[in-house]
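Comments concern the structure below.
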Amino acid sequence: MNPAEWLARAARDTPAAPALFHGTRQVCDYAGFARQAAAIAAGLHARGIAQGDRVAIFMPNCVDYLPILFGIFWAGATAVPVNGKLHAREAAWIVAHSRAALVFAKDPEALTATGDIGTTPCIAPGSADFATLTAAPPHDWPAAMDRDDTAWLFYTSGTTGRPKGAMLSAGNLMAMSLSYLADVDDVSPRDAALYAAPMSHGAGLYAFVHILRGARHVVPESGGFDPAEILSLARSLRNISMFAAPTMVKRLVDTARACQSNGDGIKTIVYGGGPMYVADIQTALAVLGPKFVQIYGQGEAPMTISALSRADLADHDHPDWAARLASVGRAQSVAEVRILAPDASPLPRGEIGEIAVRGPQVMRGYLDNPEANARALRDGWLLTGDLGHLDPAGYLHLHDRARDMVISGGSNIYPREVEEALLTHPDISEVSVIGTPDPDWGEIVVAFVVPRDGTTPDPRSMDDACTAMIARFKKPKRYILVPELPKNNYGKVLKTELRAQLTPDPTPVPAAS
Ligand code: AMP
């Protein structure tokens, strides 16, 4: 079934129900939301884009996002949402890799200027081209889509630094949404999904269940995460639900505490995407009350591996409360979870191994990437690359990431892409990038840099080398100049030794601000 059916039904059943908000201002009701999506679909069809074609969205959060996303589905096509914070070069790589037939972009010139997207048309919402596209008479019902048709091509990063396109089918997205209702939170038409994190990722994935229930959708005027704005929106709009990375939770709690707010109007904060320190969630519960649910998932099994329920989080009298807060909860209804040994055989309960998951929410595979598929998918199981164990009560505990990904502020950063950017600097001979724990960001990126003989690269020029190639949020927060990198007999850099060097603290060269 096409996920846009949920929008069409909401518009049919409750056409006047409030749908899209920009801040506190209602932009349209469900009839208007569906009409926009249907018009975009008709425009795509008029351009020859149909079932199986891909259409990319490279935009920050905005009130046009959902009509465009659901317009693509309405046409029966596959959406390729690209994080609006990426560098235009990174986004262009995804557009080219996905062979998108068209891109909706806030800044089409930046994308075309990369020279990497050929003749792929780019249309900015609100432009004359957009008005022409949406002038075609709308189709009254979404195109047919099968359960296994790819609806959302979800680009994650790969260990090689190149993103991988996880093919999420219509069935995957529906399993994710129904599991949300079963394990995360119920949703009513009076609720409001607030998009404070990128709609190209977790926050946007939660649009489906809120459309299914005919709830409101709120894009903050700031377009992103401003804690004071969120507290104020919650007070006015009421029944706010949002997805937040642990760093966002921490900042929201700090702001709430400073202005003596208890988060009035916030119904649910779903957190996940990176490790949450126990002390931080305890403070969050003390300040904002039992508003939290944790989820553990990844793009390949969108938002749906395990969940730590509101009741578990609130149960402070339970003897295992703190241990449970440190876990990522129990398998969600549609997820089977196993812990595997390096030879992929299942390990007994309690032992640490790679977390594997199976269920109707697991992706069909990565687009055009047989090696990654062979690594990640075995006998119907998705190997997550995360290490963990299950306790006797079924709670899943994450230990370490099997790969070296850094999660800073809820965003994934792969060391290799930062290393490649830094190696374009003329004074850098070798570099190795790792993540190190940080109370504010979860982790920060640290670069160990071997300068070329007789040179001392300064942090600002190293920052410049990064921002020319990759998104700003990926650049290191610390640079440490070293005469050489520790290596094993095969010449591989020993990242474990680099991590060990960070405690006790060596003398860092602070990054330029
Ligand atoms: P992504 O594909 O961007 O959603 O990133 C997925 C990765 O984020 C997972 O494989 C985990 O390493 C990490 N992650 C997701 N949820 C959690 C969580 N609740 N706690 C700790 N790490 C998490």
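Of the listed residues (I434, I413, V406), just one forms a side-chain contact (heavy atoms from CB on, under 4.5 Å) with V418, and that residue is I413. Checked against V219 for a side-chain contact (heavy atoms from CB on, under 4.5 Å), the options N61, D64, V27 give a single hit: N61.
Between Y195 and F21, the distance from one ring center to the other does not fall under 6.0 angstrom. Checked against the 6.0 Å centroid threshold, Y366 and F154 do not count as a close aromatic pair.
From I305, atom CD1 reaches atom CD of E300 across 8.5 Å, with rounding to the nearest 0.5 Å. Once rounded to the nearest 0.5 Å, the distance linking NE2 of H425 with CE of M462 reads 6.5 Å.
Side-chain contact annotation: S461 with D464, donor-acceptor N/O pair under 3.5 Å absent. The closest side-chain donor-acceptor pair between S408 and E443, if any, does not fall under 3.5 angstrom. In summary, the side chains of E5 and W141 do present a donor paired with an acceptor at a separation below 3.5 Å, with no hydrogens or angles considered. Counting only N and O atoms by type, the side chains of Y155 and N83 include no donor and acceptor under 3.5 Å apart. Remark: the R364 side chain and the T150 side chain contain an N/O donor-acceptor pair separated by less than 3.5 Å. In this structure, a donor-acceptor pair under 3.5 Å is present between the side chains of T268 and D185.
Between P67 and I40 the shortest heavy-atom distance is O-CD1, 3.6 Å. Contact record, V218 with A192: CG2-CB, 4.0 Å, taken as the closest heavy-atom pair. Contact detail for M145 and P3: the closest heavy-atom pair is SD-CD, 3.8 Å. When every heavy atom of S241 is checked against every heavy atom of H210, the shortest pair comes out as CB-NE2, 4.1 Å.
Applying the 6.0 Å contact sphere to CH2 of W6 captures more than 12 heavy atoms from other residues, nucleotides or ligands.
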- Message: Could you go through T132 and D129, starting from their C-alpha distance and side-chain angles, then the distance that decides it, and tell me whether this counts as side-chain hydrogen bond (donor to acceptor under 3.5 Å, both in side chains)?
- Response: CA-CA 5 Å; T132 311; D129 284 347; 5.1 Å; no
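The aromatic rings of F130 and F104 sit perpendicular, their planes meeting at an angle over 60°, well past the 30° parallel limit.
Looking at residues two or more places apart in sequence or on another chain, you find a ring pair (Phe, Tyr, Trp, His ring centres under 6.0 Å) between W93 and H97.
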